[in-house]
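This is a predicted model, so every value here is computed, not measured. Below, chains carry the letters A, B, ... as their sequence lines are ordered, and counting in each starts from 1.
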Protein chains: 2
Amino acid sequence: MSDTSIIQIDTASSVAIYEQIANAIRAHLVAGRLQPGALLPPVRELALNLGVHHNTVAEAYRTLAREGWLDLRRKRGAVVLAREAPHATAAAERRFTRHLGELTAKALADGVSPATAARHLEAIAARLRNG
Amino acid sequence: MSDTSIIQIDTASSVAIYEQIANAIRAHLVAGRLQPGALLPPVRELALNLGVHHNTVAEAYRTLAREGWLDLRRKRGAVVLAREAPHATAAAERRFTRHLGELTAKALADGVSPATAARHLEAIAARLRNG
DNA sequence: GAAATTTGTATGTTTGTACTATACAAATAG
DNA sequence: CTATTTGTATAGTACAAACATACAAATTTC
């Protein structure tokens with residue numbers, strides 16, 4: 001994460017800002033771009049970068065801490081943990097497919113071509129298969 | 001849609017119920033399972049099925065009407081329109097890829113295996129390519 | 001044609017929560 | 001031991017979701 005935090009906040013979105021932040025960081029974590037031991041920026045620093053209140057960032061950090069991704073300590077900061085994925089539930093998989101369908105539908109409704117959408121889907125799938 | 005409205009509402013989700021309903025119906029529309037001329041159930045009927053207030057369903061219908069999917073008229077009901085997709089913006093495509101990445105990351109974090117996730121992604125991609 | 005019924009709509013209220021402001025607490029550094 | 005840097009707690013404001021209730025319009029029924 002270092003500093004080029006490149007988290008895009010969409011103020012027009014109905015998704016809460018702290019959730020957007022948590023989602024973005026989680027993506028970095030899952031992708032391995034944030035390794036165990038890494039240190040996230042202090043809540044005030046990231047908040048300044050993003051133009052939000054530091055408590056909003058803190059809420060995102062706490063969300064990820066609850067999921068087992070982070071260890072939060074005063075003065076030390078937010079440290080990435082080695083986290084083992086839980087066993088998948090059937091519900092988690094159903095949620096994924098449902099949201100995937102709805103997200104794709106929204107994209108098509110917004111004019112994204114089926115071919116383009118398919119390309120993006122396949123790109124992510126390929127990345128998953130390659131490890 | 002007829003009656004087996006198969007809309008799953010997740011009361012634990014942070015997504016508003018009316019949005020969940022709109023998302024689900026939009027997916028049906030984009031997939032062509034709801035053709036122009038089709039009639040959606042009255043707001044009170046669907047609301048009863050889903051266990052929510054009819055105004056909540058009405059808000060979902062209005063959301064879709066604003067997007068050009070539905071024509072709403074008193075006494076006649078909600079009629080599916082023939083809608084042409086708008087021209088895609090770069091923002092729409094970026095939003096899609098970003099959300100796609102975050103959604104997949106969440107699934108992996110919840111224990112869904114990369115292979116399984118990839119399979120679902122490819123399945124939707126294939127459906128898009130085949131038309 | 002009048003009345004009843006069936007539809008979506010409008011208005012007001014409550015409740016939850018996102019976000020912020022500000023103050024606090026703890027841990028490290030000097 | 002003091003100062004500073006971190007996360008945390010508390011309180012306030014604003015907004016919006018969901019509901020209850022009442023309304024309006026269009027069709028059906030008699």
Just how far, in rounded Å, is [atom2] of [N] from [atom1] of [X]?
X: A/D71; N: C/dA27; atom1: CG; atom2: P; answer: 12 Å
X: A/L48; N: D/dG7; atom1: CG; atom2: P; answer: 14 Å
X: A/Q20; N: C/dT17; atom1: CD; atom2: C1'; answer: 16 Å
X: B/L72; N: D/dA25; atom1: CG; atom2: C1'; answer: 14 Å
X: B/K75; N: D/dT28; atom1: NZ; atom2: C1'; answer: 6 Å
X: B/L46; N: C/dG8; atom1: CG; atom2: P; answer: 10 Å

*Measure from the side-chain heavy atoms of B/R62 and tell me the nearest of C/dT6, C/dT9, C/dT28.*
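Looking only at side-chain atoms, B/R62 lies closest to C/dT9.
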
*A/R129 atom CZ: more than 12 heavy-atom contacts under 6.0 Å*: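 Enclosed.
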
*For A/R119, does the CZ atom sit with more than 12 other heavy atoms under 6.0 Å from it, leaving out its own atoms?*
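Enclosed.
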
*State, with a plain yes or no, whether a side-chain heavy atom of A/L34 is found less than 4.5 Å away from one of A/L40.*
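Side chain of A/L34 against side chain of A/L40, heavy atoms only: contact under 4.5 Å found.
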
*Would you kindly compare A/R44 and B/R76 by the position of their nearest DNA chain C nucleotide and give the one closer to the 5′ end?*
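Going by which nucleotide is closer to the 5' end, it is B/R76.
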
_Is A/R74 close enough to C/dT28 that one of its side-chain N or O atoms is under 4.0 Å from OP1 or OP2 there?_
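Indeed not, no polar side-chain atom of A/R74 lies that close.
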
_Quiz question: by atom type and distance under 3.5 Å, do the side chains of A/E93 and B/T116 form a donor-acceptor pair?_
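Side chains of A/E93 and B/T116: no pair found under 3.5 Å.
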
_Contact state string [nucleotides 12-20 of chain D, B base, S sugar-phosphate only, - no protein heavy atom under 4.0 Å]_ = -----SSBB

*Going through the checks in order, is the side chain to side chain contact (heavy atoms under 4.5 Å, CB included) test met by B/R94 and A/Q8?*
CA-CA 11 Å; B/R94 272 199 308 271; A/Q8 282 301 332; over 6 Å; no

*asked:* One thing to verify: whether A/E59 and A/R66 come together as a salt bridge, which I'm taking to mean a side-chain N less than 4.0 angstrom from a carboxylate O.
replied: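 Counted as a salt bridge, because a side-chain N and a carboxylate O are separated by less than 4.0 Å.
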
